[in-house]
4 protein chains.
Amino acid sequence: MKDKIFEKSIDLFGENGFSETSIQHIVDALGVTKGTFYYYFTSKEQILMEIHLRFINDILAKQDAIIQDPNRNYQEKIYEIICMLMKNIEVQGKSAKIFFREMQNLSDGHLSQIFEKRDEFRIKFQELIELGMEKGEFRKDLDSHIAALGILGMVNWSYHWFDPDGPLSDTTVAKIYIDLVLNGIKAE
Amino acid sequence: MKDKIFEKSIDLFGENGFSETSIQHIVDALGVTKGTFYYYFTSKEQILMEIHLRFINDILAKQDAIIQDPNRNYQEKIYEIICMLMKNIEVQGKSAKIFFREMQNLSDGHLSQIFEKRDEFRIKFQELIELGMEKGEFRKDLDSHIAALGILGMVNWSYHWFDPDGPLSDTTVAKIYIDLVLNGIKAE
Amino acid sequence: MKDKIFEKSIDLFGENGFSETSIQHIVDALGVTKGTFYYYFTSKEQILMEIHLRFINDILAKQDAIIQDPNRNYQEKIYEIICMLMKNIEVQGKSAKIFFREMQNLSDGHLSQIFEKRDEFRIKFQELIELGMEKGEFRKDLDSHIAALGILGMVNWSYHWFDPDGPLSDTTVAKIYIDLVLNGIKAE
Amino acid sequence: MKDKIFEKSIDLFGENGFSETSIQHIVDALGVTKGTFYYYFTSKEQILMEIHLRFINDILAKQDAIIQDPNRNYQEKIYEIICMLMKNIEVQGKSAKIFFREMQNLSDGHLSQIFEKRDEFRIKFQELIELGMEKGEFRKDLDSHIAALGILGMVNWSYHWFDPDGPLSDTTVAKIYIDLVLNGIKAE
DNA sequence: TATGAATGAGAGTTCATTCAT
DNA sequence: GATGAATGAACTCTCATTCAT
């Protein structure tokens with residue numbers, strides 16, 4: 001039951017927004033009562049926090065796996081991370097929407113916890129760029145900080161428009177992005 | 001008074017979110033009463049719509065001006081648009097936050113009006129890329145659609161982190177972005 | 001202007017009800033402002049009272065004229081009153097609706113004023129019945145009080161269903177009523 | 001509690017009118033909170049509709065029972081219906097007031113439901129008159145439609161003035177009414 | 001004559017949460 | 001494990017009325 005409530009909450013928060021989704025909506029959709037919700041969760045915000053935690057911990061773990069892979073150079077690692085993020089938007093689009101859109105509804109304490117992890121993700125990404133610069137894979141004159149923000153922004157923004165049921169696969173988009181990021185759009 | 005209410009609404013919607021900001025908050029912050037709010041506006045959503053319209057109409061007009069400039073090539077036009085968007089985030093950051101975050105709170109009728117205009121902006125940007133490809137300014141093998149979405153995503157995302165009072169100016173960021181977009185990060 | 005406001009109020013109170021009609025509705029329908037309303041009337045209830053007064057004074061005067069007519073016997077006088085009431089519903093249906101339906105929205109002081117006049121009308125009608133009984137026009141065993149209430153009720157109720165634009169004229173209905181009242185429905 | 005709220009609503013709607021009675025009034029009178037009201041009812045109008053339905057269904061059922069009684073002729077059936085209506089006004093005067101006065105506050109959908117049932121009642125009454133005419137109990141030259149409207153109007157109107165605690169019983173009034181209706185007031 | 005800005009009280013309704021059972 | 005009754009605070013919005021101009 002706990003899992004059912006959790007999944008249905010993701011569904012409805014993603015579809016209609018956190019503030020717009022009442023606990024009544026959630027329990028009605030499951031045919032149970034509000035009491036049941038409060039038996040498993042202490043507040044609506046707690047569920048939002050769990051969604052956030054699950055999402056960010058998941059991509060942090062995946063990022064770490066990619067970073068530690070000894071068989072890939074930095075270009076490939078960045079490609080893998082972009083792929084991973086796009087796949088994430090594809091398979092858990094609702095969670096992604098909630099993660100990127102409903103942050104503000106977390107309590108201050110929870111919010112800073114999440115911020116820390118988001119920063120961690122971004123900094124690790126930035127470090128890959130810096131290591132690639134040292135190794136000569138990337139241009140030496142980059143601003144790694146803004147580059148990281150720019151590339152991640154490009155990818156994250158996709159949750160606004162990317163449609164898992166549309167004609168483009170996550171990998172297709174990821175490949176176009178990495179080409180864009182590596183080579184730019186200027187004709188040589 | 002109408003303007004005061006409008007500006008304060010932008011302030012509070014931007015700071016705390018649309019759903020989280022009550023009309024009571026707005027009028028309390030101005031030392032007037034709820035009646036005053038409803039004397040000037042017919043609903044809370046009407047204000048949200050006006051914020052959206054003002055924002056999108058403004059950047060559409062600015063985009064048009066840039067597009068029609070006969071003294072600039074396509075690289076420069078795209079740079080100008082990126083600059084313009086960043087400047088927009090700088091000077092009306094609250095409106096930008098609201099524009100990118102609170103869309104969902106518009107009524108269906110209003111929402112589709114805004115969608116149309118957002119699409120218009122994106123398509124015009126994409127056309128610049130395509131014209132630049134024809135002219136030989138940009139690589140011929142680009143996917144102009146995804147490229148447009150990617151570049152605009154990168155820029156738009158900045159509203160999440162860009163701090164007008166921080167050490168980086170909007171132009172600085174825009175220059176880094178355009179370098180990234182034109183040349184990519186790969187070492188030659 | 002005062003008259004315009006008065007007439008439009010009758011219109012809207014009759015159509016939508018007193019409580020459901022706001023002063024805003026009234027002035028909007030006339031293209032003026034609320035200030036104008038309060039320039040001519042001191043309150044919404046005052047208008048309601050004036051509607052009531054005009055209506056009841058009008059039918060009281062008409063009743064008096066009928067009662068004093070020396071050329072008619074009591075049967076005829078009662079017939080004339082029924083006719084007059086039906087005609088009233090026909091030509092000022094909105095006022096009638098308001099008169100019969102919105103009484104409760106008068107202040108206590110005003111209400112008792114109206115009650116007095118309504119009682120006056122009923123009592124005068126009852127007196128006609130009693131005089132007719134003495135004269136031998138009507139049965140001697142009537143309960144004049146209930147008879148008056150019953151007959152007036154029958155006629156007044158018509159405002160619920162009588163449609164001035166329908167197939168039946170006010171006189172037609174009045175004739176059927178008086179036949180009913182005089183002769184009953186039982187076969188001889 | 002649900003019943004308590006229902007009964008108190010009848011009380012207050014009847015006393016002060018539907019629009020004039022706020023939910024706050026209702027719950028204050030019961031010492032509960034507005035939340036409680038909305039736990040049991042979805043809107044103020046829903047309660048109004050339930051009052052209407054209960055009232056009209058009740059008198060429709062009672063009318064049917066009278067119509068189907070094989071031991072009574074049409075005169076008697078009509079008398080029984082008048083008695084029943086008067087008794088109804090006596091024992092549930094508040095509901096009657098609401099039923100006859102607050103119809104307009106129903107939503108369109110609900111209103112037409114009630115109209116149908118009111119029409120059904122009236123038509124069945126009219127049919128009794130017509131059957132009585134065929135049987136020779138009533139005059140053959142009646143306009144059954146207007147007669148039905150007139151008689152029911154006379155009875156219904158009683159809710160305006162009939163006082164259950166007054167000197168006249170419901171049966172007394174009903175008897176006077178039926179005498180009036182059957183025999184008329186004219187001296188033979 | 002008429003306006004327009006502003007008020008303040010109150011309307012119906014929603015909702016996260018509590019808690020005895 | 002789950003319910004159902006109840007709360008209380010907050011919500012958006014309405015409206016009759018006032019008053020300086």
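Lettering of chains follows the sequences in order, A, B, ..., and the numbering in each one begins at 1.
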Exercise. Only counting residues at least two apart or in another chain, list the ones meeting side-chain hydrogen bond (donor to acceptor under 3.5 Å, both in side chains) with B:Gln92.
Key: B:Asp58, B:Asn88
Quiz item: Which atoms form the tightest heavy-atom contact between D:Phe13 and D:Ile26, and what is the distance?
Solution: CE2-CD1, 4.0 Å
Exercise. Identify the two heavy atoms, one from D:Phe6 and one from D:Arg54, that lie closest to each other, and give their separation to 0.1 Å.
Key: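 For D:Phe6 versus D:Arg54, the nearest heavy atoms are CE2-CZ, 3.2 Å.
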Quiz item: On DNA chain F, which is the earliest and which the latest nucleotide, 5' to 3', with an atom closer than 4.0 Å to a heavy atom of chain C?
Solution: F:dC15 to F:dT18
Quiz item: Could a donor-acceptor pair under 3.5 angstrom be found where the side chain of D:Lys34 meets the base of E:dT13?
Solution: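 By the distance-only test, yes, there is a pair.
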Practice problem: Would you indicate, yes or no, if E:dT3 has its OP1 or OP2 atom less than 4.0 angstrom from a side-chain nitrogen or oxygen of C:Thr33? | Solution: yes
Quiz prompt | Those residues of residues 38-47 of chain B lying under 4.0 Å from DNA chain E by at least one heavy atom | solution = B:Tyr39, B:Tyr40
Quiz item: Should C:Asn105 and C:Glu45 count as side-chain neighbours, where that means a heavy-atom distance under 4.5 Å?
Solution: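 The answer is no, as the side chains (C-beta and beyond) never meet within the 4.5 Å cut-off.
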Quiz item: What base-paired stems does DNA chain F take part in, with at least 3 consecutive Watson-Crick or G-U wobble pairs and both distances under 3.5 Å?
Solution: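 As far as DNA chain F goes, consecutive pairing (with distances under 3.5 Å) yields the stems E:2-21 with F:2-21.
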Quiz item: Which of residues 8-29 of chain C sit near DNA chain F, with a heavy atom under 4.0 Å from it?
Solution: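 Within residues 8-29 of chain C, the residues near DNA chain F are C:Thr21, C:Ser22, C:Ile23.
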Quiz item: Pick the nucleotide of DNA chain E nearest each of A:Phe37 and C:Gly31; which residue has the one closer to the 5' end?
Solution: C:Gly31
Self-check item: Residue list, ring-ring contact (aromatic ring centres under 6.0 Å, His included) with A:Tyr159, at least two apart or on another chain
Solution: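 Per chain and number, A:Tyr159 pairs via ring-ring contact (aromatic ring centres under 6.0 Å, His included) with A:Phe100.
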Quiz prompt | Reference residue D:Glu15; test salt bridge (charged side-chain N to carboxylate O under 4.0 Å, His left out); the match among D:Lys97, D:Arg101, D:Lys94, D:Lys8 | solution =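 Checked D:Lys97, D:Arg101, D:Lys94, D:Lys8 against D:Glu15; only one passes salt bridge (charged side-chain N to carboxylate O under 4.0 Å, His left out): D:Lys94.
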